[in-house]
Amino acid sequence: MSVEKKIKSASGWGMLIAIIIAFAVIIAAFVLSVIGLDSAEDTGVPASPLYGWGLGLSIAAFCLIWIPVSGFFTLQPGQARVCILFGDYKGTVRDEGFHWANPFYSRSMGGNASAEETTAEVLSKSGLSLGKKISTATKVSSALSTKISVRARTLNGEILKVNDKMGNPIEIANVVVWHVADTAKALFDVDNYEQFVSTQAETALRHVASIYAYDHAEDSSDSMDSITLRSNIEEVSTALKHELTQRLAPAGVAIDDARLTHLAYAPEIAQAMLRRQQAEAVIAARKKIVEGAVTMVEMAVDELGQHGKIDLDEERKAQMASNLMVVLCGESEAKPIVNTGSLY
């Protein structure tokens, strides 16, 4: 496993002044050498060998001075550069500003043939459009830059069709906020850390969705304290973040936040589940109505019996209770019928 090493680079301003002075000296030496050779030719006097050496050295120096010029680079806040010299990792510069470093430090990591072949095979079997295939292939085949952004990034996952704990097909999607914490691991321990994050985010989401039920009604346990995808958003988000942290640690990626952005039943069972939820709501409402009606009937019978104004036997109490239950629990408005005769 690679470990990031922080290093300091030279200030670009000091080296810029030195290169400007070197340019001035080279141009002056070139001009003086040309003037000396021209003057010797006009006067017919043999030219001094110093003019020839000066002309040759100034031309050579002018060609070589462009090598240190390529060592300049700038870093904005939230950026870092990994310094690699002929395949040897030297360290990472994280200080923003204008810098100068060894001009032979690599500026890219180069392509990965195996990753390109795998991507080409997957794209050939996928149903993506031609433009999408070209865009994806170009992104994978392009070499990774040694200048890495360590800012927070957002990955909006696509809607996935998975099975929950009870085997019901559901649609789920997530959003992941992440950043590169270790630049050495990100570049050296995985082929493409951005593609790695995208793949592991999908894998982690599928795993988390499979260990929880969609809702309490779908959970086989009788306990209402069990965690479900719909009712326990915070707990599910914490589990997803923990899962992603473990999976992305080898790539030097830290997870700032992970949330569900979409959760629904799959279309093939959505209507059936909706009818089930409606039936459960009706049953719960009926149960509440019956409980209230029973309480009201008991209160009415007790009040009539306590005052002694009406003496009801058990049969009449039962008849009154039946009538009150019909009135209180009926869906339509009750239509009273006046009985002028006897109950017997």
Side-chain angles (χ1 to χ4, degrees), residues 1-34 50-112 115 138-153 178-197 250-254 256:
M1 299 294 290
S2 304
V3 179
E4 179 180 311
K5 298 183 294 184
K6 295 183 179 180
I7 60 174
K8 298 289 185 179
S9 61
S11 173
W13 300 109
M15 184 58 66
L16 180 63
I17 294 174
I19 290 179
I20 291 175
I21 294 174
F23 262 117
V25 171
I26 291 172
I27 293 174
F30 179 80
V31 171
L32 292 175
S33 298
V34 171
L50 293 177
Y51 294 127
W53 281 101
L55 182 62
L57 291 176
S58 62
I59 295 175
F62 183 80
C63 295
L64 295 176
I65 193 95
W66 296 104
I67 296 178
V69 169
S70 61
F72 291 107
F73 66 95
T74 59
L75 289 179
Q76 300 177 3
Q79 285 186 327
R81 184 186 178 186
V82 178
C83 299
I84 306 171
L85 182 61
F86 302 122
D88 186 18
Y89 173 59
K90 296 298 182 180
T92 301
V93 180
R94 283 182 173 263
D95 299 327
E96 66 270 12
F98 186 46
H99 302 276
W100 184 87
N102 192 326
F104 294 103
Y105 282 156
S106 301
R107 294 185 177 272
S108 65
M109 292 291 295
N112 188 289
T138 303
K139 187 175 181 180
V140 173
S141 61
S142 60
L144 286 175
S145 174
T146 54
K147 185 182 289 187
I148 299 178
S149 172
V150 293
R151 304 185 184 102
R153 311 188 198 184
W178 61 280
H179 71 275
V180 176
D182 192 308
T183 57
K185 290 181 179 180
L187 283 185
F188 304 136
D189 292 350
V190 294
D191 281 338
N192 188 313
Y193 64 92
E194 293 181 348
Q195 185 180 5
F196 186 79
V197 170
V253 173
D256 298 326

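All values below were derived from every heavy atom in this structure, side-chain atoms included, with hydrogens, water molecules and symmetry-related copies excluded. By convention here, the first residue in the shown sequence is residue 1.
The distance from the CH2 atom of W178 to the CZ atom of R151 is 12.5 Å, given to the nearest 0.5 Å. Atom OG in S145 sits 9.0 Å away from atom CD in Q79 (nearest 0.5 Å). A distance of 14.5 Å separates CZ of F104 from SG of C83, quoted to the nearest 0.5 Å.
Tested against F188 for a side-chain contact (heavy atoms from CB on, under 4.5 Å), the candidates D182, T183, V3, I84 yield a single pass: I84.
Residues P250 and D189 fail the side-chain proximity criterion, which asks for heavy atoms closer than 4.5 Å. Looking at K5 and T92, their side chains never come closer than 4.5 Å, going by heavy atoms from C-beta outward. Between V180 and Y193 there is a side-chain heavy-atom pair separated by less than 4.5 Å. Within the 4.5 Å cutoff, side-chain heavy atoms of R107 are placed close to those of R81. Within the 4.5 Å cutoff, side-chain heavy atoms of I148 are placed close to those of L187.
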> When you look at K6 and R94, which way does the side-chain contact (heavy atoms from CB on, under 4.5 Å) test go after all the steps?
Replying inline: CA-CA 7 Å; K6 295 183 179 180; R94 283 182 173 263; 3.7 Å; yes
> Checking side-chain contact (heavy atoms from CB on, under 4.5 Å) for the pair D95/L75: CA distance, chi angles, key distance, verdict?
Replying inline: CA-CA 7 Å; D95 299 327; L75 289 179; 6.0 Å; no
> Hey, mind stepping through D256 and H179 against side-chain contact (heavy atoms from CB on, under 4.5 Å) and telling me if it holds?
Replying inline: CA-CA 8 Å; D256 298 326; H179 71 275; 3.1 Å; yes
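The aromatic rings of W100 and F72 sit perpendicular to each other, their planes meeting at more than 60°, with 30° as the lower class boundary.
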For residues 64-71, dump all side-chain donor-acceptor pairs below 3.5 Å to protein atoms at least two apart in sequence or in another chain.
unit_1, atom_1, unit_2, atom_2, d
W66, NE1, F62, O, 3.2
S70, OG, I67, O, 2.6

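Within the 3.5 Å criterion, the main-chain N or O of N192 finds no donor-acceptor partner in the side chain of Q195. In terms of modelled atom types and a separation under 3.5 Å, the side chain of K147 and the main chain of T74 share a donor-acceptor contact.
Closest approach of I26 to S58, counting heavy atoms only: CG2-O, 3.3 Å.
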